[in-house]
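Below you'll find the structure, written out as structure tokens, and then a few comments.
Hydrogens, waters and symmetry mates are skipped; everything else that's a heavy atom, side chains included, is used. Below, read A as the first sequence line, B as the second, and so on, with proteins coming before strands; counting in each chain starts at 1.
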Number of protein chains: 2
Amino acid sequence: MADLRGNRAPDRPASRPPARRRDGGPAGGGEISPGSGPLYRQVKEQLVREIAQGRYPVTDPLPSEQKLAARFGVAQGTVRRALDDLTRDNLVIRHQGRGTFVHAHGPERDRFHFFHLVAADGERRLPASRVLSVTRRRASQDEALTLEIPPQDRIVEIRRVRDLMARSAILETIVVPDALFPDLGSLPKTQVPNTLYQLYQDRFGVIIHRAVEKITAQAAGRDDVTYLGLDRGAPLLLIERIAQTLDGTPVELRSSRCDTRHLAYFSDIL
Amino acid sequence: MADLRGNRAPDRPASRPPARRRDGGPAGGGEISPGSGPLYRQVKEQLVREIAQGRYPVTDPLPSEQKLAARFGVAQGTVRRALDDLTRDNLVIRHQGRGTFVHAHGPERDRFHFFHLVAADGERRLPASRVLSVTRRRASQDEALTLEIPPQDRIVEIRRVRDLMARSAILETIVVPDALFPDLGSLPKTQVPNTLYQLYQDRFGVIIHRAVEKITAQAAGRDDVTYLGLDRGAPLLLIERIAQTLDGTPVELRSSRCDTRHLAYFSDIL
DNA sequence: ACCTCTAAGTCTTCTATAAGAGTTATATGA
DNA sequence: TCATATAACTCTTATAGAAGACTTAGAGGT
């Protein structure tokens, strides 16, 4: 495997990619053989596959542009084009002189990229968490449907309250498939870290790549009164998030009920 | 003006850019003269300036890569790098064989890029608008501050109700500086179009480029009861948007009060 | 003997250039 | 009117050198 250039002769000079153009003439119709479209896109898609299957640990770099170019049988610039695309898709991060790394989760990324709630004073801080419960149970019909797991499959549910500015501000319920996160359900409450995505990544090899959030206004119910100190029926913000991995598999359901008296959701439209 | 290559000799062959590397030797210190940083970034910044000042009407294309390369005295690939950046910043849109155009507003872009409210059934539709009033008045202190205009300056306020699925769903108040939008305040209610950003662009040459939205939950007040048919105190979503032009000048304040019983705000985190 | 600093070397990504291929619109002739 | 060139444009690929970061060998001090 490796060479993307299709069914040409395997006489690659190894040090200098041949000055080919495209596979197949301009008249040909199908061109389905080894992958169609621009070379750089084929390279990109192959790299996405490899990253998705966890081939490159976040601690050490991907093969260099030169190595990848040799492996795929294309020019270094073509690999570079693909890697640039991966960079703007937030899949990898590159450091001149050091190498290219799979973009890992950490406090920074979780705070700025995946956490959009900002205190009234404008300060962006990651809240402290107080875990209420960690339980293992069977998925509801809705949960199984959105997580794309068999009905009645086991899931792990984490409930927690997050404090912002010494105030209980967010009541959060997190649901993940038990199959993907073995032993997570047995984790003691005190051992659940604040930045869960980092845990998913470091302990279970699951990298959260994108998320979709649905935001509505709700009236405070019993739990909201208990844990957030809201009046019954007071307006609160409900954020329902579905988080996905690289290949689009939904792996986490998260509903956050927020007291927006001292808190707001911020969204940038670029 | 034009040539970005600094204070070199003006002996450019016009058809073939010289094979230079950088201005100044590696030992030199300052290098402040014509602009620092990579060439492609200088080209990009120059293009942003020209686009921001409305030099290229949205109807016809920018100069071709070759022309720009000749004008700036760089290679075509360098201009291309700059234009690619502008593409991913949503400033321009490119069509192979046709040309490069300033990315214009229209129903499509307004619907998918700047309108994040989606009906419960998942359908994405731009709502119909019913304009309540168009008035000219003096800016409040807050409004003047966020719009960065002199206090007490004149502004135009548009109030309207937007219907989604034959239901009054959004109560919207829009505030823009009168100075930037002459005669907008005199527009009859029936003449206010649905997609305002297209109007800003086509009639006033103001291109909205990015926006920041702050979302909170609120209790329904008197107006909400009147126009949205909500019960007093019922929870609703308040979206406060500040829209900016290319150069970051805030030009529009928009507050949308949404009945989220049949509507939700969607946010994609990529 | 051991530690510290320095400099060369090597490996990495970044920048700039070039040329040919593909796409689209327009002009031209049957 | 329709087919066919033709011109103008962007897109793709390739190559070379520059810039940055880490490794390692060696000098010099303690």
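- Under the 3.5 Å distance criterion, the side-chain polar atoms of A:Q42 are matched with a main-chain donor or acceptor of A:G37.
- Remark: A:D183 engages no residue in a salt bridge (charged side-chain N to carboxylate O under 4.0 Å, His left out) (not counting sequence neighbours).
- Sorted by residue number, the members of residues 79-86 of chain A with any non-hydrogen atom under 4.0 Å from DNA chain C read A:R80.
- With rounding to whole Å, B:L62 atom CG is found 13 Å from D:dT10 atom C1'.
- The nearest whole Å value for the distance from the CZ atom in B:R94 to the P atom in D:dA8 is 18 Å.
- In this structure, A:H105 and A:F114 have tilted ring planes: the angle between them lies in the 30° to 60° band.
- Taking the six-membered ring where tryptophan is involved, the planes of A:Y200 and A:F181 are tilted, since the angle between them lies from 30° to 60°.
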All N/O contacts under 3.5 Å from nucleotides 20-25 of chain D to the protein, with atom names and distances to one decimal?
| from | atom 1 | to | atom 2 | distance (Å) |
| --- | --- | --- | --- | --- |
| D:dG20 | O4' | A:Q96 | NE2 | 3.4 |

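- Distances shown here put every side-chain N or O of A:T78 at or beyond 4.0 Å from the OP1 or OP2 atom of D:dT13.
- Look at CD on B:Q76: it is 8 Å from C1' on D:dT10, rounded to the nearest Å.
- For residues 241-251 of chain A, the salt bridge (Lys or Arg N to Asp or Glu O under 4.0 Å) pairs, not counting sequence neighbours, are A:E213-A:R241.
- Separating the CG atom of A:L68 from the C1' atom of C:dT13 is a distance of 12 Å, rounded to the nearest angstrom.
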N/O donor to acceptor pairs below 3.5 angstrom from side-chain atoms of residues 95-103 of chain B, sequence neighbours left out:
| from | atom 1 | to | atom 2 | distance (Å) |
| --- | --- | --- | --- | --- |
| B:T100 | OG1 | B:R94 | NE | 3.1 |
| B:T100 | OG1 | B:R94 | NH2 | 3.3 |

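- Note on A:T100: a side-chain N or O is less than 4.0 Å away from OP1 or OP2 of C:dT13.
- Remark: side-chain polar atoms of B:N194 are paired, donor with acceptor, to backbone N or O of B:P127 under 3.5 angstrom.
- For A:Y40 and D:dT12, the OH to P distance is 4 Å, given to the nearest whole Å.
- Straight-line distance from the CD atom of B:E65 to the C1' atom of C:dG22: 13 Å, rounded to whole Å.
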Please report, to 0.1 Å, the donor-acceptor pairs under 3.5 Å made by any side chain of residues 202-209 of chain B, with sequence neighbours excluded.
| from | atom 1 | to | atom 2 | distance (Å) |
| --- | --- | --- | --- | --- |
| B:H209 | NE2 | B:D89 | O | 3.0 |

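- Taking atom CD1 of residue A:I93 and atom P of nucleotide C:dT12, one finds them 18 Å apart after rounding to whole Å.
- The residue A:G77 sits close to a base: some heavy atom pair falls under 4.0 Å.
- When each of C:dT12, D:dC11, D:dT12 is scored by its nearest atom to the side-chain atoms of A:S64, the top-ranked nucleotide is C:dT12.
- Residue A:K67 places at least one side-chain N or O under 4.0 Å from the OP1 or OP2 atom of C:dT12.
- Straight-line distance from the CZ atom of B:F72 to the P atom of C:dT17: 13 Å, rounded to whole Å.
- Using a 4.5 Å cut-off on side-chain heavy atoms (C-beta onward), B:Y197 and B:R109 make no contact.
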